[in-house]
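Below is one structure; the comments refer to it alone.
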Amino acid sequence: VNIKLIHEYGKVLLDICCGTGSIGIALSDYFDKVFGVDIVEEAIKDADKNVKLNSLEEKCFFVAGNAQDKVAELCSKANEVLHLFIGFLI
């Protein structure tokens with residue numbers, strides 16, 4: 001699903017149900033920022049480790065929580081989203 005908006009960060013990927021962040025990290029070359037959310041806290045800890053292993057601390061950000069609750073928070077962090085990616089369809 002793509003939502004085209006102008007964003008101060010440029011192209012932003014919002015990865016819903018991101019797990020360990022592998023999809024967002026793999027696609028990070030195509031985006032200026034990556035924001036991800038997953039309800040499994042251990043998965044987010046692993047996503048943070050993967051961010052560090054790939055030296056993407058300034059580009060990729062992952063948070064633990066219910067996607068329904070966190071999407072609004074992530075969108076406010078991203079302000080306006082250029083691209084929306086759903087990593088896992090519910």
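Here, residue 1 is the first one in the sequence, and each next residue gets the next number.
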Any chance you could measure [X], atom [atom1], to [Y], atom [atom2], to the nearest 0.5 Å?
| X | Y | atom1 | atom2 | answer |
| --- | --- | --- | --- | --- |
| K33 | F61 | NZ | CZ | 4.5 Å |
| F62 | D46 | CZ | CG | 11.5 Å |
| C17 | N66 | SG | CG | 8.5 Å |

Nearest heavy atoms of [X] and [Y], plus distance in Å:
| X | Y | value |
| --- | --- | --- |
| C18 | I44 | SG-CD1, 3.7 Å |
| D38 | V40 | OD1-N, 2.9 Å |
| I25 | A47 | CD1-O, 4.2 Å |
| L27 | F31 | O-CD1, 3.2 Å |
| S28 | K59 | O-NZ, 2.6 Å |

query = How about F35 and V12: do any of their side-chain heavy atoms sit closer than 4.5 Å?
reply =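 The answer is yes, as the side chains (C-beta and beyond) meet within the 4.5 Å cut-off.
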ask   = Do L13 and C60 touch side chain to side chain, with heavy atoms closer than 4.5 Å?
value =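 Contact flag for L13/C60 side chains = no.
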Tell me if a side-chain donor or acceptor on [X] pairs with a main-chain N or O of [Y] at a distance below 3.5 Å.
| X | Y | result |
| --- | --- | --- |
| K70 | I16 | no |
| D15 | G36 | no |
| K45 | T20 | no |

task = Look at the side-chain heavy atoms of Ile, Leu, Val, Met, Phe, Trp and Tyr, link any pair under 4.5 Å apart, and say whether V51 and L53 land in one connected group.
result = no
task = Kindly check if the number of other-residue, nucleotide or ligand heavy atoms within 6.0 Å of CD (E58) is above 12?
result =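 Atom CD in E58 is not crowded, with 12 or fewer foreign heavy atoms closer than 6.0 Å.
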